Amino acid sequence: MSRFFPQAQTIKLNADVELSIFQCQDTVFQLSSIAPGACFELHQHPESQLGMILSGCLEININGSKTMLETLQEFYIAGANIPHGAVNHSPEMAVGLDVKRITNSLAPGNIDEIIFKLSPNKDESTGFPCRSAVGYWCETVITQIPAGGKIPNHQSAIEQIGLVLNGQLIMTVGEEQQQLQDGEIYYAPTNVVHGGYNPTKEEATLIKVLILPYSELAA
Ligand SMILES: [Fe+2]
């Protein structure tokens, strides 16, 4: 089993909600497909959760506060043991991305700011334009990797998980290499060299979630 290219475990929660779950050491990265008109019931867990809508339209409910989340424009964070759920009011299937992780007490469990809007930025590793936002224990970066575009080999003190959407990337992490399709991920732990390129003639979207080290939470 690959350490850096985890395979999804698929779980059908009920007739309307299906989860693809990737385990990345201490972090769970999950894609949820929610059928039209269906509800991902309110629930809570000890992990803090980052969530984003990848396609379709979802209304999220965090501790009673309801928001229509804009697709690929913003993410939410539900703190530890904070009830959260989602409803798909639209006639199309909705797909959400969730990242769950136990955070220490410096990442507040009862937080005021729950929505984080992405804003234009420059991706440090590629130099390509991106959109990004930082929220408590994580940063999300969305970059379009052009046809033939390269992600130079680099390493970082911040662990990251990358999801490919709408395209393909060949990624190398440590000694492993894999061609990632739409909906597949790589996991680059702290200080593991990683890089890649887009081998196709089409642009690919890369969504990176950076897990900020606890030391940064103290700042
Ligand atoms: Fe959850």
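Please read these numbers as outputs of a predicted model, since none were measured by experiment. Order of appearance sets the numbers: ligands from 1, and atoms from 1 within every ligand.
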Looking at M171, E184, Q179, which hits side chain to side chain contact (heavy atoms under 4.5 Å, CB included) with F5?
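Passing option: M171.
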Taking NZ, NE, NH1 and NH2 as the nitrogens, is one of them in R101 or E47 under 4.0 Å from a carboxylate oxygen of the other?
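A salt bridge is absent here (no side-chain N lies under 4.0 Å from a carboxylate O).
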So that I can tick it off, tell me whether E139 and K208 are bridged by a salt bridge, with the cut-off set at under 4.0 angstrom between side-chain N and carboxylate O.
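Answer for the salt bridge query: no.
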Can you tell me how far SG of C138 sits from CD of Q49, rounded to the nearest 0.5 angstrom?
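Spacing of CD (Q49) from SG (C138) equals 11.0 Å.
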Say you draw a straight line from CG of L50 to CZ of F29; how long is it, rounded to the nearest 0.5 Å?
9.0 Å
Can you list, by chain and residue number, the protein N, O or S atoms under 2.8 Å from the Fe ion (ligand 1)?
H43 NE2, H45 NE2, Q49 OE1, H84 NE2
Okay, side chain of R131, backbone of L72: is any donor-acceptor separation there less than 3.5 Å?
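Yes.
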